[in-house]
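For reference, the structure discussed in these notes is given below.
The first residue in the sequence is number 1, and the count goes up from there.
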Amino acid sequence: MLMCRELAGIASDYIDGELSTGRRLSVQMHLMMCRHCRSFIGNLRASTELLRGHSSARVEQAVIDRINHRVTEVLSHRPETPDPDPDPDR
């Protein structure tokens, strides 16, 4: 099963639709069970849309890589506990 750290590393690719079918399904399964990652993906998606709507410039890959690294670092320091609320609508 996909872990939170792994999801953080591929979140941008997931939002951009760049994952293989199997990997995309793994992300979707994880999101059904993890409200923290649902929130993370929702916030990342909203931020991405906001930036795209207000900027014609492309963000440098180095900046994206630093952000992804920092998110992965933060998630690696939080305990991996199962989400007691698997309801994806919450």
Side-chain angles (χ1 to χ4, degrees):
M1 173 149 180
L2 188 68
M3 303 298 281
C4 297
R5 280 183 224 98
E6 294 171 287
L7 186 134
I10 60 173
S12 293
D13 292 338
Y14 172 72
I15 289 172
D16 294 339
E18 297 175 356
L19 296 179
S20 67
T21 301
R23 198 67 165 156
R24 181 176 42 80
L25 290 173
S26 292
V27 169
Q28 290 171 339
M29 180 69 78
H30 181 92
L31 293 175
M32 287 179 10
M33 296 183 284
C34 181
R35 65 184 168 98
H36 301 290
C37 287
R38 281 195 307 275
S39 177
F40 170 71
I41 290 290
N43 290 336
L44 184 59
R45 185 175 277 134
S47 298
T48 301
E49 290 172 8
L50 181 66
L51 287 172
R52 284 183 183 151
H54 289 85
S55 174
S56 60
R58 284 227 12 118
V59 177
E60 292 181 27
Q61 186 62 43
V63 173
I64 294 170
D65 292 343
R66 283 195 308 268
I67 292 169
N68 282 337
H69 175 74
R70 181 66 181 130
V71 167
T72 301
E73 186 178 88
V74 168
L75 286 176
S76 71
H77 288 92
R78 81 176 178 90
E80 289 289 337
T81 57
D83 187 350
D85 178 16
D87 182 1
D89 296 328
R90 286 189 74 197

Enumerate donor-acceptor pairs with a distance under 3.5 Å from any side-chain N or O in residues 9-23 to protein atoms, sequence neighbours excluded.
unit_1: Asp16; atom_1: OD1; unit_2: Arg52; atom_2: NH2; d: 2.9
unit_1: Ser20; atom_1: OG; unit_2: Arg23; atom_2: N; d: 3.3

| field | Inter- and intrachain pairs under side chain to side chain donor-acceptor pair (under 3.5 Å), touching residues 60-71, at least two apart | value | Gln61-Asp65, Arg70-Glu73
| query | Hey, does Cys37 have a side-chain heavy atom less than 4.5 Å from the side chain of His30? | reply | yes
| task | Determine yes or no for a side-chain-to-main-chain donor-acceptor pair under 3.5 angstrom, with Arg38 supplying the side chain and Leu31 the backbone. | result | yes
| request: Look only at the side chain of Thr48 and the backbone of Leu44, and say whether a donor-acceptor pair between them is shorter than 3.5 Å. | output: yes
| message | Tell me the closest heavy-atom pair linking Met3 and Glu6, and the distance in Å. | response | N-OE1, 2.8 Å
| query | Can Met1 be reached from Leu25 by stepping across I, L, V, M, F, W or Y side chains whose heavy atoms are under 4.5 Å apart? | reply | no
